[in-house]
Engineer: 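What follows is a structure written as structure tokens; I'll ask about it next.
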Amino acid sequence: MTQNTPTRVVQTIALAYANGDLHVGHLVEAIFADCHARHRRARGDDVVFLGADDCHGTPIEIKAAAQNQTPQELIADIGARHRADYAAFDISLDHYHSTDSPENEALCAEVYRHMQEAGLIDRRNVAQLFDPDAGRFLSDRHVKGGCPKCGALDQYGDNCEACGATYQATELAHPVSTLTGATPVIADSEHLFFRVSALEPIVRAWAQSGTLQSGVLAKISDWFDDGLRDWDISRDAPYFGFPIPDEPGKFFYVWLDAPLGYIASLIAYLNATGSSRTWRDDWGEGSDTEIIHHIGKDIISFHAVFWPALLTAGKCRLPSRVQAHGFLTVEGAKMSKSRGTFLLASDLAAHVDSDAVRYALLSRLGDFTTDIDFSARDVVDRVNAELVGKIANIPVRLRGLVQDPEAVHLSDTLLDPALWAECAALADDAVAQFHAFEPGQAIRRIVDIATRTNGFIQSHAPWAQTDLVARNAVTTQALCQFRLIAALLQPVSPRFAQRCLAVFGTEAVAWADLSTPVLGTTAALPTHLMDRLDAGGIAALFNQPATPKEA
RNA sequence: GGCGCGGUAGCUCAGUUGGUUAGAGCGAUCGACUCAUAAUCGAUAGGUCGGGAGUUCAAGUCUCCCCCACGCCA
């Protein structure tokens, strides 16, 4: 491996909305990001891997009220469950925070002050639907009515699912509040607008500088072509969020404080670890910290347009990379509660080995935004054929060929240096693929090493050799290559990789040490490293009705 | 409706700036081996590259039209 200079990396997963439990779709992103974080650590980088719950907005307020809870009680409860779900899949977050935190409130006020000083705040009157019974303005999703274009009934306040038209909620025919059933009235209110349009050149230059995947850039380019619109960042009381300084009765829109929650999480992390750094050392203008956001394709616009604008206003550095991924389908279709394919992370964790889930998902992930599928058949086939059959099987099959499986002395030389060189090259390539956000490609290289290793054992037929030295030469080379595989699986299936590395008495292998064969050392061969998955068990999990925890 | 991304072997996908008989993995079939978790290794079969037209000595690869699927529209 070539040596790399260590880089400071701040990596985030998208904030999870605190009104429901995590499902397997959330896991895709968390596992993808965690794989990258573990890769970067193995590379020697200084990684801070952050997450947080997104806690503000009307839906959470309404849900809490329906459950006779305060919003704070609801988000504390959900936050604990989210942490447990991430932990069950070994997501190695350094800190998990909440957007409803003092750090975030102070940060929002600071960024807002910078906006004001830079003349980036406008005041405009906005006509909105107001529910007289609930005493509040209605968001688009809380009002239904007839589409003004095609007349379709029962459409939400922003667009029509029947004809695809977009419009203002105030244009709806016969609007009805979904909160109370009351007929809303149109009322005026003054709103604060963030003048995103003034920052367009900066945002556009950033977006075109290689920070986005090409498909993502194509997707948002028409926003730039049409000209960026200014962004309404205020909401009227009652609203669960942060009050805007010196603006009685007005609150920051949830999408303003949510991404700032990434930075709030960093602040809390630095405080908790007693670091001498300040958050601006990483996120201030001029910082050379690499900042990577992992997101789903549904929130590309917020992260590729509003977020860089917000950071610019707040005198912060812009992200190095916005890494978007596609959605997860289950058994070839959108997750569905009625079809029994709405998989909660907690249910999955209870029934399927987390390393197996990680392996199966990462095998399908890469640097693209197309959707990927998760099917019982695929998970079982892949894990049993590759992880168990081809990989875990290697040290186990060698067990019967050595005199003392608990203390195998590896020889000092390689029997087939050319084969080792090929495997080392594949390993280098796998690391490069991890780095390029292509875990699926990395795994193909890893399996390739395993196939070559099994073929090597097969062709030398050590079981037919009576010369113990010759037999040991085969064992030595096979184990050196197995250790390469074990090390490369650290970002993919960490617990399994650790069991594999324990064969050599080590816990972790850095990329810098990858291509040094473990000649002359001692290994202890296991009888078993990984259970085969039972197809029936997983199928049963998929078909069970989702536990009614609400999502 | 506008825009975007796709449509390649049963399945999941590779196919670089157009260039020899279109590739890989899984699955299937056959064979080998027996150290191993019905494991592993090898071989074989399988595609009019969504449809049509065009440019070219040459097109999965470029142009146009159409069909289908998915996504986005703040």
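The sequence lines fix the lettering, A, B, ..., with proteins before strands; numbering per chain opens at 1.
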Engineer: Does B:G46 count as syn, meaning its glycosidic angle lies within 90° of 0, or as anti?
Structural biologist: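 Because its glycosidic torsion lies within 90° of 0, B:G46 adopts the syn conformation.
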Engineer: Quickly work out the A:D355 CG to B:U37 P distance and round it to whole Å.
Structural biologist: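 My rounded result for the distance is 21 Å.
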Engineer: Within the 4.0 Å heavy-atom criterion, would you say A:T451 contacts the bases, only the backbone, or no part of the nucleic acid?
Structural biologist: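 Sugar-phosphate, no base atom in range.
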Engineer: Using the C1' atom on both, measure B:U63 against B:C70 and round to a whole Å.
Structural biologist: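 One C1' to the other, the span is 25 Å.
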Engineer: Under 4.0 Å, heavy atoms only, any strand: does A:A392 hit a base, just the sugar-phosphate, or nothing?
Structural biologist: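 Contact class for A:A392: base.
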Engineer: In whole angstrom, give the distance that lies between atom CG of A:D448 and atom C1' of B:C26.
Structural biologist: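 Spelled out: CG on A:D448 to C1' on B:C26 is 15 Å.
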Engineer: Just by distance, no angles: are the side chains of A:R471 and A:Q403 close enough, under 3.5 Å, to form a donor-acceptor pair?
Structural biologist: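 A:Q403 and A:R471 do not have a side-chain donor-acceptor pair below 3.5 Å.
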Engineer: Between B:U61 and B:A22, how far is it from one P atom to the other, in whole Å?
Structural biologist: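 Straight-line distance between the two P atoms is 15 Å.
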Engineer: Which string of ( ) [ ] | and . matches RNA chain B, if you list each base 5' to 3' and count Watson-Crick or G-U pairs only when both distances are under 3.5 Å?
Structural biologist: ((((.((..((((.....[...)))).(((((.......))))).....(((((..]....))))))).)))).
Engineer: Whole angstroms only, please: what is the CD1-P distance between A:I449 and B:A24?
Structural biologist: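 That distance rounds to 20 Å.
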Engineer: Between P on B:U12 and OH on A:Y359, what's the gap in Å once rounded to a whole number?
Structural biologist: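 For the pair A:Y359 OH and B:U12 P, the rounded distance is 18 Å.
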Engineer: Could you write nucleotides 30-35 of chain B as a row of B, S and -, 5' to 3', where a protein heavy atom under 4.0 Å of any base atom gives B, of only sugar-phosphate atoms gives S, and otherwise -?
Structural biologist: --BSSB
Engineer: Provide the closest heavy-atom pair for A:L328 versus A:V28 in the form atom of the first, atom of the second, distance.
Structural biologist: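 In this case the closest contact between A:L328 and A:V28 is CD1-CG2, 3.7 Å.
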Engineer: Just checking A:H303 against A:Y262, ring centres under 6.0 Å apart?
Structural biologist: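 Yes: the rings meet the under 6.0 Å criterion.
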Engineer: Given the P atoms of B:C30 and B:A45, what is the spacing between them in whole Å?
Structural biologist: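 Result for the P pair: 15 Å, nearest Å.
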Engineer: Rounded to the nearest angstrom, tell me the gap between atom CD1 in A:I300 and atom C1' in B:C72.
Structural biologist: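 In whole Å, B:C72 C1' lies 9 Å from A:I300 CD1.
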Engineer: Under 4.0 angstrom, heavy atoms only, what part of the nucleic acid is A:L529 near: base, sugar-phosphate, or nothing?
Structural biologist: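 Base contact.
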Engineer: Between B:G10 and B:G4, how far apart are the two C1' atoms, rounded to whole Å?
Structural biologist: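 After rounding to an integer number of Å, I get 30 Å for this pair.
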Engineer: For nucleotides B:U20 and B:C64, find the distance between their C1' atoms and express it as a whole number of Å.
Structural biologist: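 So the two C1' atoms sit 29 Å from each other.
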Engineer: Of all the choices, B:C41, B:A24, B:A74, which nucleotide is nearest to the side chain of A:F306 once you look at every atom?
Structural biologist: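 Looking only at side-chain atoms, A:F306 lies closest to B:A74.
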Engineer: Which one of A:N472, A:T475, A:L479 satisfies the side chain to side chain contact (heavy atoms under 4.5 Å, CB included) criterion with A:L410?
Structural biologist: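 Single pass found, and it is A:L479.
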Engineer: May I have the distance from A:D373 (atom CG) to B:A69 (atom P), rounded to whole angstrom?
Structural biologist: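 Distance check: A:D373 CG to B:A69 P gives 18 Å.
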Engineer: Assign A:N393 to base, sugar-phosphate, or nothing according to its heavy-atom contacts below 4.0 angstrom with the strands shown.
Structural biologist: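 Base, at least one base heavy atom under 4.0 Å.
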Engineer: Without decimals, in angstroms, what is the distance between A:R452 CZ and B:C41 C1'?
Structural biologist: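 To the nearest whole Å, that distance equals 14 Å.
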Engineer: Would you kindly compare A:E386 and A:D298 by the position of their nearest RNA chain B nucleotide and give the one closer to the 5′ end?
Structural biologist: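 Nearer the 5' end of the strand: A:E386.
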Engineer: Under the criterion ring pair (Phe, Tyr, Trp, His ring centres under 6.0 Å), I'd like the reasoning laid out for A:H435 against A:H39: C-alpha separation, chi angles, the key distance, then a yes or no.
Structural biologist: CA-CA 7 Å; A:H435 203 70; A:H39 151 69; 5.0 Å; yes
Engineer: Within a strict 4.5 Å, meaning less than it, do heavy atoms of the A:I295 and A:I300 side chains meet?
Structural biologist: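 SC-SC contact between A:I295 and A:I300 confirmed.
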Engineer: Quick check on the 6.0 Å ring-centre criterion: do A:F456 and A:H460 meet it?
Structural biologist: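 So the answer is yes for these two rings.
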Engineer: When rounded to the nearest Å, what value does the distance between P atoms of B:A9 and B:C49 take?
Structural biologist: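 That atom pair is separated by 9 Å.
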Engineer: A:R364 has a side chain; which of B:G27, B:U12, B:U37 sits nearest to it?
Structural biologist: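 Closest nucleotide among those given: B:U12.
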Engineer: Is the distance between the ring centroids of A:F496 and A:Y359 less than 6.0 Å?
Structural biologist: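 Here the rings of A:Y359 and A:F496 have centres that are no less than 6.0 Å from each other.
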Engineer: Decide whether A:N104 and A:T99 meet the rule of one side-chain donor and one side-chain acceptor closer than 3.5 Å.
Structural biologist: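 No.
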Engineer: So, is A:K390 close to the B:C26 phosphate, meaning a side-chain N or O under 4.0 Å from OP1 or OP2?
Structural biologist: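 For A:K390, the contact criterion (side-chain N or O under 4.0 Å from OP1 or OP2 of B:C26) is met.
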Engineer: Please report the distance, rounded to the nearest Å, between CD1 in A:I220 and C1' in B:C3.
Structural biologist: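 Nearest whole value for this atom pair: 14 Å.
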Engineer: Could you verify whether a donor N or O on one side chain and an acceptor N or O on the other, from A:H142 and A:T178, lie under 3.5 Å apart?
Structural biologist: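 No pair is found: no donor N or O on one side chain lies under 3.5 Å from an acceptor on the other.
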Engineer: Does the ring center of A:W231 lie less than 6.0 Å from the ring center of A:F306?
Structural biologist: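 They qualify: ring centres under 6.0 Å apart.
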Engineer: Choosing from B:A74, B:U37, B:G71, which nucleotide comes nearest the side chain of A:K297?
Structural biologist: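 Side chain of A:K297 sits closest to B:G71.
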Engineer: Rounding to the closest angstrom, what is the interatomic distance between B:A74 and B:U8 at atom C1'?
Structural biologist: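 Each nucleotide's C1' atom is 36 Å from the other's.
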Engineer: Would you mind classifying the nucleic acid contact of A:W223 as base, sugar-phosphate or nothing, using non-hydrogen atoms under 4.0 angstrom?
Structural biologist: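 Base: the residue A:W223, judged by heavy atoms under 4.0 Å, touches a nucleobase.
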Engineer: If I pick the P atom on B:C11 and the same atom on B:C3, what distance separates them, to the nearest angstrom?
Structural biologist: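 Approximately 32 Å lies between the P atom of B:C3 and that of B:C11.
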